Amino acid sequence: MQTAWQHWTYDIARRVSATLGIHVESSEIVAPPDPTLGDFAFGCFRLAKEGQKNPIVLAQEIAKAFEKQGSDITQVTATGPYVNFTLATDAAIRRVIEDVEEMGEEYGSSEIKSDQTVLLEYAQVNTHKEIHIGHLRNVILGVSLINVLKHRGSRVIAMSYHGDVGAHVAKCLWKLAYSLQLTANSITVEAVTGLLEKISDGDRTGEYLGRVYADATRALSEDESLKDQVSSVQQKLEAHDPAWEKLWQETRQWSLDEMKVIFYELDAVIDRQYLESEVYERGLRIADDLLKKGVAKISEGAMVVDLEEKKLGMFLIRKSDGTSLYATKDLALAELKAEEYPSYARSLHLVDTRQAFYFGQLFETLRRMGFDKPLEYVGYELVTLKDGAMSSRKGNIVTYADFRDAVIDYAKQEILSRHADWSEQKVEDVAWDIAMAGIKFGMLKQDSDKIYTFDLEQALSFDGATGPYCQYAATRLGSILKKASQVTGNRLQVTSTTFDHLTEKQLAIVLAKFPRVIEEAAEKLKPSLVANWCFETAQAINAFYRDVPVLESTAEMREARLNFVAVARQTLTQGLSFLGISVPEEM
RNA sequence: GCAGCCAUAGCUCAGCUGGAUAGAGCGCUUCCCUGCGAAGGAAGAGGUCGGACGUUCAAAUCGUCCUGGCUGCACCA
């Protein structure tokens with residue numbers, strides 16, 4: 001069906017076209033800079049140029065000839081080269097209420113259910129490492145992209161990919177074992193059992209393994225000769241040595257368990273979890289095959305693909321010690337995905353921009369392999385700290401768990417300061433919702449091609465353009481509805497009364513923009529557009545709350561406005577849900 | 001050196017398929033709770049849209065060049 005926004009812009013475009021007999025597109029109908037000018041505007045520049053006329057005169061002619069009869073337009077004025085159109089308040093609000101009530105959860109979804117399968121790879125968190133706020137941005141972005149794309153009618157397969165093998169794992173396990181004088185060759189299954197028993201339950205986490213990895217990196221940078229030891233550990237691992245395999249599997253499980261919990265916390269749905277260990281052998285075969293076919297060659301003992309002619313440099317696909325690396329596995333992963341989801345229409349890779357060049361190399365190499373399925377790289381900028389980038393070497397990594405706990409603690413304090421009578425459980429639950437809103441909105445409101453500089457103090461603010469601000473606006477509307485139903489208990493209906501308040505019309509117009517915003521967010525893969533719409537809507541709701549009495553108005557007006565309040569609350573709640581934010585009953 | 005991204009108010013950012021006086025939030029200065037919840041609202045100060053040139057009736061927006069910052073560019077992922 002045609003939404004209110006579409007109706008208005010198409011209708012105005014058609015009626016403007018009728019005045020002069022010249023075609024005007026609905027996309028040429030825009031919003032004026034100031035609502036006092038009108039609700040829609042048409043600039044006459046193009047027509048003026050084509051007809052060799054003065055745009056100011058043209059605007060006056062259009063305004064005079066415009067037929068309002070039968071439209072929602074109540075006023076047409078020419079202001080300079082623009083024709084401004086004002087919507088009738090009552091008609092505008094009714095149309096929006098009808099849309100939302102009729103479409104419900106489908107409001108803003110695509111009319112055409114495309115049914116295309118979209119693969120989205122995100123949450124590439126490695127095992128044997130801590131999960132930090134850099135990963136957090138990736139997961140939060142991924143979740144909102146999944147929500148938005150699904151709403152627009154795609155069948156989204158959410159996939160995660162985890163580096164559970166490779167150099168970083170070898171370094172970590174090497175450090176773990178060598179601290180007990182266990183070497184690549186001397187280690188036994190029994191020794192591994194003994195080693196694992198020495199590690200306390202509290203240390204059986206990715207975070208602990210991350211610290212071990214950092215220690216290993218430090219040791220290696222101080223003593224180059226240790227590199228050979230790590231290399232032999234990696235070779236043992238790739239050869240499935242029983243002792244190393246046991247140590248690997250056991251420690252890997254700690255990481256996987258931890259991830260499962262965190263993904264659950266963040267509402268990160270994962271339909272298919274890929275592990276590098278599933279694909280690296282296939283990757284090695286692909287590398288050999290590429291060498292045989294002459295696509296790859298040997299350079300300095302390693303296997304490379306020469307992409308110089310595409311200005312993509314040399315692409316390393318197998319290390320000189322024969323072991324695999326990131327690229328080896330990614331080649332195989334692309335093939336595996338295509339096997340498992342043969343009819344996919346798009347394959348998105350949500351990875352930070354530092355890897356943009358690498359993905360260019362990867363995709364080009366896949367093409368040379370004869371891989372002809374579509375591939376898309378979706379970049380986003382990194383998360384950094386005020387005093388520079390996070391790195392295990394500097395030891396300044398802000399983990400997700402620490403950050404989350406800090407925000408939850410702060411949310412609890414805020415709740416207790418205004419609801420001393422709440423049960424402990426209620427405080428816990430609401431603090432969770434508010435903290436997640438703060439974290440997610442904070443990361444989503446700014447465009448993903450902007451570096452996110454993490455600032456705890458700023459992240460702990462719940463004032464202004466924040467998730468809790470948006471929740472609060474929805475909660476206040478909920479509070480009105482709750483009070484109303486205690487009195488009447490009736491189902492809300494549109495009555496014959498007339499909406500007449502300018503502030504409520506402005507809220508209606510913001511709500512009418514929702515479908516367009518979701519569409520654009522899906523097209524451009526920009527969840528920030530949804531976040532900014534939510535904030536704009538919350539602001540309009542707060543203005544409505546300030547200016548328009550609901551419970552205190554006349555009986556018929558009250559019923560009608562309650563209806564509108566329900567619609568506004570539902571739409572904002574839905575927008576927030578795309579960001580992974582839920583709205584508590586009270587806060 | 002080559003490539004990518006970024007540059008808008010003190011700070012963090014919207015706006016960018018060209019159009020009407022450049023918008024928010026934070027911070028700052030004043031106000032507003034016996035009022036549908038003050039996690040709110042009102043008012044104010046604060047800007048050569050990094051610089052130059054170009055395209056155009058019209059440039060924060062497009063193009064070229066420059067400057068500054070960040071990030072990549074073979075055995076990390």
Side-chain angles (χ1 to χ4, degrees), chain A residues 27 30 32-34 37 41 43-46 48-49 55 79-82 84 124 126 129 163 166-169 171 217 231 276 299-304 311-321 323-327 329-330 351-358 360-361 379 381-382 384 388-389 411 414-415 417-418 434 438 442 445-447 449-453 455 457-458 461-473 475-484 528-529 531-532 535-536 538-539 541-553 558 561-562 565 586-587:
Chain A
S27 59
V30 298
D34 184 339
L37 290 165
C44 301
F45 308 102
R46 181 180 64 84
K49 194 172 187 179
T79 311
Y82 289 91
N84 291 314
Q124 301 92 338
N126 288 339
K129 275 192 180 178
H168 81 281
V169 176
K171 281 182 195 171
T217 310
S231 179
E276 286 189 359
S299 167
E300 296 173 35
M303 221 178 273
V304 299
K311 300 201 171 179
L312 287 169
M314 293 292 240
F315 190 46
L316 187 66
I317 60 170
R318 189 168 181 173
K319 296 196 278 185
S320 52
D321 67 1
T323 63
S324 64
L325 76 168
Y326 197 37
K329 292 166 269 202
D330 262 330
V351 189
D352 85 74
T353 55
R354 284 176 296 190
Q355 294 182 50
F357 183 74
Y358 165 79
Q361 294 180 312
E381 272 292 355
L382 71 157
T384 161
E414 291 291 306
I415 291 168
S417 72
R418 52 203 106 191
I434 293 176
K445 73 175 172 185
Q446 71 178 260
D447 202 287
D449 60 15
K450 225 128 202 172
I451 292 169
Y452 183 94
T453 305
D455 177 354
E457 206 177 317
Q458 201 177 304
S461 165
F462 295 161
D463 301 325
T466 66
Y469 173 93
C470 298
Q471 289 175 312
Y472 184 67
T475 303
R476 285 168 122 191
L477 295 184
S479 178
I480 294 175
L481 294 171
K482 199 185 284 174
K483 287 198 173 155
S528 62
L529 298 173
N532 287 322
F535 178 59
E536 196 189 333
Q539 281 183 311
I541 285 172
N542 283 329
F544 171 84
Y545 191 89
R546 176 194 67 222
D547 292 344
V548 186
V550 177
L551 298 175
E552 299 299 316
S553 48
R558 182 184 137 111
R561 286 202 170 128
L562 283 171
V565 165
E586 296 175 80
M587 62 185 282

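Atoms considered below: every heavy atom in the structure, side chains included; atoms not considered: hydrogens, waters and symmetry mates. Just so it is clear, the model here is predicted, and its values are computed rather than measured. Residue numbers start from 1 in every chain, and the chains themselves are labelled A, B, ... in the order their sequence lines are given, proteins ahead of strands.
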- Message: Suppose we define a pair by two distances each less than 3.5 Å, Watson-Crick or G-U wobble; what does G10(B) pair with here?
- Response: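 G10(B) is paired with C26(B).
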
Worksheet entry | G40(B) base stacked by Tyr545(A) (centroids within less than 5.5 Å, tilt under 30°) |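 So no, this residue does not stack on that base, at least one cut-off failing.
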
Using centres under 5.5 Å plus planes under 30 degrees as the test, is Tyr469(A) stacked with A39(B)?
->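 Per 5.5 Å and 30° rule: no stacking.
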
Just checking [X]: base, sugar-phosphate only, or nothing, at a heavy-atom cut-off of under 4.0 Å?
{"X": "Leu312(A)", "answer": "nothing"}
{"X": "Tyr82(A)", "answer": "base"}
{"X": "Asp547(A)", "answer": "nothing"}
{"X": "Leu477(A)", "answer": "nothing"}

Round to the nearest Å and state the distance from [X] atom [atom1] to [N] atom [atom2].
{"X": "Leu529(A)", "N": "A24(B)", "atom1": "CG", "atom2": "C1'", "result": "15 Å"}
{"X": "Gln446(A)", "N": "U8(B)", "atom1": "CD", "atom2": "C1'", "result": "15 Å"}
{"X": "Met587(A)", "N": "G37(B)", "atom1": "CE", "atom2": "P", "result": "14 Å"}
{"X": "Glu457(A)", "N": "C26(B)", "atom1": "CD", "atom2": "C1'", "result": "10 Å"}
{"X": "Phe544(A)", "N": "G37(B)", "atom1": "CZ", "atom2": "P", "result": "13 Å"}

Of all the choices, [options], which nucleotide is nearest to the side chain of [X] once you look at every atom?
{"X": "Val550(A)", "options": "G40(B), A77(B), C36(B)", "answer": "C36(B)"}
{"X": "Tyr472(A)", "options": "G19(B), A39(B), A74(B)", "answer": "A39(B)"}
{"X": "Lys329(A)", "options": "C26(B), G41(B), A77(B)", "answer": "A77(B)"}
{"X": "Asp34(A)", "options": "U21(B), A14(B), A20(B)", "answer": "U21(B)"}
{"X": "Lys450(A)", "options": "A42(B), C13(B), G37(B)", "answer": "C13(B)"}
{"X": "Arg546(A)", "options": "C73(B), C36(B), G41(B)", "answer": "G41(B)"}
{"X": "Ala167(A)", "options": "U21(B), A74(B), A77(B)", "answer": "A77(B)"}
{"X": "Asp447(A)", "options": "A39(B), C36(B), A14(B)", "answer": "A14(B)"}
{"X": "Pro33(A)", "options": "A20(B), C5(B), U12(B)", "answer": "A20(B)"}

Can you check the distance between [N] and [M], where both ends of the measurement are the [atom1] atom (answer in whole Å)?
{"N": "A42(B)", "M": "G50(B)", "atom1": "C1'", "result": "35 Å"}
{"N": "G41(B)", "M": "G37(B)", "atom1": "P", "result": "15 Å"}
{"N": "C26(B)", "M": "U34(B)", "atom1": "C1'", "result": "33 Å"}
{"N": "U55(B)", "M": "C13(B)", "atom1": "P", "result": "35 Å"}
{"N": "C36(B)", "M": "U17(B)", "atom1": "P", "result": "45 Å"}
{"N": "C65(B)", "M": "U29(B)", "atom1": "C1'", "result": "44 Å"}

Quick one about Asp463(A) and Ser461(A) (side-chain donor to acceptor, distance below 3.5 Å, no hydrogens or angles considered), yes or no?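 Judged by distance alone, the side chains do not pair up.
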
- Are a donor atom and an acceptor atom from the side chains of Asn542(A) and Tyr472(A) found within less than 3.5 Å of each other?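 There is no such pair (donor and acceptor under 3.5 Å, judged by atom type) between the side chains of Asn542(A) and Tyr472(A).
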
Can you find an N or O donor on one side and an acceptor on the other, under 3.5 Å apart, linking the side chain of Ser299(A) with the base of A74(B)?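 Flag set: donor-acceptor pair detected.
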
